[in-house]
Protein chains: 2
Amino acid sequence: MAPEKEVTIYDIARYLNLSAATISRGLKDHPAINKKTKKKIIEAAKTLGYRSNMFASNLRTRQTKTIGVIIPRLNSYFMSTVIAGIESIANEEGYNLIISQSLESTEKEAANAITMFNSRVDGVLVSLASDTNNVNHFNAFLQKKIPIIYFDRTMATSDCMSISIDNFKAAFEITTHLIEQGCKRIMHLGGNITRNVYADRLAGYKAALKKAGLPVHENLIRFSNLSDEAGTEAGKYICSLTQKPDAVFAANDTCATYCMLYLKQHGYKIPTDIMFAGFNNDPISKVVEPNLTTINYPGYVMGQIAATNLINHLKGIADIGTTNIVILRSELIVRASSKK
Amino acid sequence: MAPEKEVTIYDIARYLNLSAATISRGLKDHPAINKKTKKKIIEAAKTLGYRSNMFASNLRTRQTKTIGVIIPRLNSYFMSTVIAGIESIANEEGYNLIISQSLESTEKEAANAITMFNSRVDGVLVSLASDTNNVNHFNAFLQKKIPIIYFDRTMATSDCMSISIDNFKAAFEITTHLIEQGCKRIMHLGGNITRNVYADRLAGYKAALKKAGLPVHENLIRFSNLSDEAGTEAGKYICSLTQKPDAVFAANDTCATYCMLYLKQHGYKIPTDIMFAGFNNDPISKVVEPNLTTINYPGYVMGQIAATNLINHLKGIADIGTTNIVILRSELIVRASSKK
DNA sequence: TTAAAAAATGCAACCGATTGCAAAAAAAAT
DNA sequence: ATTTTTTTTGCAATCGGTTGCATTTTTTAA
């Protein structure tokens, strides 16, 4: 509790009969310092048990070596995978991570942004809350030229770099796949379309229908928070329909899975009666029976790329301002839930 | 990139014709400052766009308002849930979180510990890597009286507070449950027994057998990293046995699930031929068919409790030194995989 | 041997908030 | 009106590392 006395560069300076300035330079490998002196300094630092005081350093250099991460929630497979990817790079590059969750609330997102701003993070990685429809609460960062990179849940209007997959294309492909399997009445379980990802998936779905000359039935498009309960609800809804769909494409695997489970319990045969497709390649997609056709979403890589870009920008290696959008490769994974 | 000029308390002082000391005190509601003056100060701070410089503050107060978290990996359901719980409390209390993963490597764990130490976190929450068998790499914290709380993967010898569930009891209960269902040859798929959690689960399993007067068959106890592959492997192993087990108790749900899936594919009927039980109450346990009997592990609450205890200690409200072990309530969840 | 150039080190002023103690101002008591 | 007490406010040192510029030392050139 009581702060212990720490060894400072002044202690080392006294110990070696040098100046603090020399110690400071020696410790960070400044070219103007004699190699032998450096060696002595480093050894002395070790024997005295010195550790750099980042606050003093930050105070002077106005850098924190810290990256802020704001995400809707931590405890989803996808998000924790992204964070793992971010962490792997940040750790390697000597950056710390400050993480906070918006819990899908724009207000909390804004509050977290302020906290991060006051913590003086060097840069921010953001995945937006589901109903965030403007990014004004990040203006403080922009004014101070603190770089922001949006990932996954991005904002179209934003003038920051954003990283995502081509949700339109992925949805288009997976829908087309269902059509190729002979499906004609494909239902879509979508998320909040304020969010680019869900809007794009919906658009891709519609485009695929259109291209195949199939009609878009509005009563076959349902929106929800894509939770397991929402999946079950969708199952009930399907049971209530007189004209059943012959396939379901859900915007995530959880919703698809629970919908499928409900229908199975009510006598439907998958994929014979209804085919299924999800999104994300969540672990449950490989467990549910039949295994779920889905889109592989490269979360880990996405995290790594986001972190790499941000850090390179901070190091002055590559400017973020020039690149606007990065699209990662996603991949259709066909499993038993959509095979004839 | 180029650091912008910031508003400091000196700017406010000049603006209001007061001293920096008064501003500093006014901003933090010091009792010696006149209420009207405080009001003026706060308003001025707002209009000037002031934000506190935490480095200057930290430099003086030797506190960082930051908590370090070291965990094996982020991208597991359980861990991300714990982190979510930690974050919820930390955020509320104005603490930042620095998170890093050891990826189950003791060396990386030690490296991360050093980084955190140098980042001067106020306290640390740790869940140990699977093969960590001593906690010497955390000595630096102890020497500087920086509090550590271990959670889930704890270390028996440690003189720090640790938070976990009663793994022995949980394993005992779930094994007993299987026995009550009529099982006599129960297999155990365990994890690395260097780790308390897995050692305790194994012990609980054995104790339950013993209590029921059942023999412990060493060839029915297998150790692995509890991954999905390990589960599949276990399935193969079972197929190769002449004397089959009539139940499997795995130390996590993933391993149980994949073992079960493998056996199902090879003609076994669950639970008729073999019953199954897992651990953790992972989402997949509710998806696999039949649903998996498991132990509900309160990750979110565990995270909250760990964070609360650490922060209370830091605030001087409650000393951590006196409490050694906190055991959370866990709960047997019986599902179809183990019902006659 | 001396002058010029290069290398190594030191000086001292920051960075911005905090805080013990002293001083000033305001309020209360005499 | 004067003294005592209580409130407010200010002074100035401090936290520890960084860095432009000056100074010293060493090396090279003349």
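Just so we're clear, the structure is a prediction, and the values are computed from it rather than from any experiment. All chains are named by letter (A, B, ...) in the order of the sequence lines, taking the proteins before the strands, and each is independently numbered beginning at 1.
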Open item on the list: Heavy-atom nearest nucleotide on DNA chain D for A/K28 versus B/K35: which residue maps closer to 5'?
Closed with: B/K35

Open item on the list: Looking only at the side chains, is there a donor atom on one of B/N112 and B/S100 sitting less than 3.5 Å from an acceptor on the other?
Closed with: yes

Open item on the list: Pick the closest DNA chain C nucleotide for A/N34 and for B/I9 by heavy atoms, then say which residue is nearer the 5' end.
Closed with: A/N34

- [ ] Using the side-chain contact (heavy atoms from CB on, under 4.5 Å) rule, take A/I149 and A/V124 through it: C-alpha gap first, then chi angles, then the decisive distance, then the call.
- [x] CA-CA 6 Å; A/I149 295 183; A/V124 202; over 6 Å; no

Open item on the list: Rounded to whole Å, how long is the line connecting atom NE2 of B/H30 with atom P of C/dG20?
Closed with: 9 Å

Restricting both atoms to N or O, compile the protein contacts to nucleotides 21-24 of chain C shorter than 3.5 Å, with distance only.
none

- [ ] Mind checking A/S57 for me? I need base, sugar-phosphate or nothing, with any heavy atom below 4.0 Å counting as a touch.
- [x] sugar-phosphate

- [ ] To the nearest Å, give me how far apart CD1 (B/I33) and P (C/dT18) are.
- [x] 12 Å

TODO: Between B/T22 and B/F55, just flag the one whose closest nucleotide in DNA chain C comes earlier from the 5' side.
DONE: B/F55

Task: Interatomic distance, B/R62 CZ vs C/dT18 C1' [rounded to whole Å] - done: 12 Å

Open item on the list: Suppose the criterion is salt bridge (charged side-chain N to carboxylate O under 4.0 Å, His left out): which pairs have a residue in residues 94-117 of chain A, not counting sequence neighbours?
Closed with: A/E104-A/R153

TODO: Run the numbers on A/Y95 and A/L314 for side-chain contact (heavy atoms from CB on, under 4.5 Å), then give the verdict.
DONE: CA-CA 11 Å; A/Y95 278 79; A/L314 291 173; 3.7 Å; yes

Open item on the list: For A/N196 and A/T154: C-alpha separation, side-chain torsions, deciding distance, then whether side chain to side chain donor-acceptor pair (under 3.5 Å) applies.
Closed with: CA-CA 6 Å; A/N196 62 311; A/T154 65; 2.9 Å; yes

TODO: Go through B/S19 and B/T22 one step at a time and tell me if the side chain to side chain donor-acceptor pair (under 3.5 Å) criterion holds.
DONE: CA-CA 5 Å; B/S19 78; B/T22 304; 3.1 Å; yes

TODO: Quick one: sort the B/F55 and A/F55 rings into parallel, tilted or perpendicular, breaks at 30° and 60°.
DONE: parallel

- [ ] Take atom NZ of B/K65 and atom C1' of C/dA17, then tell me their distance rounded to the nearest Å.
- [x] 16 Å

Task: Whichever of B/R120 and B/N17 has its nearest DNA chain D nucleotide further upstream toward 5' - done: B/N17

Open item on the list: Among residues 37-51 of chain A, which ones have heavy-atom contacts with DNA chain D below 4.0 Å?
Closed with: A/Y50

TODO: At the 4.0 Å heavy-atom cut-off to chain B, mark where contacts on DNA chain D begin and end, going 5' to 3'.
DONE: D/dT8 to D/dG16

Open item on the list: Rounded to whole Å, please give me the gap between CD1 in A/I23 and C1' in C/dT9.
Closed with: 11 Å

Open item on the list: Can you confirm if the aromatic rings of A/Y77 and B/Y77 lie within a centre distance of less than 6.0 Å?
Closed with: no

TODO: Report which part of the nucleic acid A/L18 touches: base, sugar-phosphate, or nothing (heavy-atom distance under 4.0 Å, all strands).
DONE: sugar-phosphate

Task: Residues in salt bridge (charged side-chain N to carboxylate O under 4.0 Å, His left out) contact with B/D122, at least two apart in sequence or another chain - done: none

Open item on the list: Between B/S164 and B/D152, is there a side-chain donor-acceptor contact under 3.5 Å, judged purely by atom types and distance?
Closed with: no

Open item on the list: I need the CZ-P distance between A/R60 and C/dG16, as an integer number of Å.
Closed with: 9 Å

TODO: Please check the phosphate of C/dC11 (OP1 and OP2 only) for any side-chain N or O of A/S19 closer than 4.0 Å.
DONE: no

Open item on the list: The criterion is salt bridge (charged side-chain N to carboxylate O under 4.0 Å, His left out); which residues satisfy it with A/R51, sequence neighbours excluded?
Closed with: A/E6

Open item on the list: For A/K65, is there an ion pair with A/E93 - N to carboxylate O distance below 4.0 angstrom?
Closed with: no

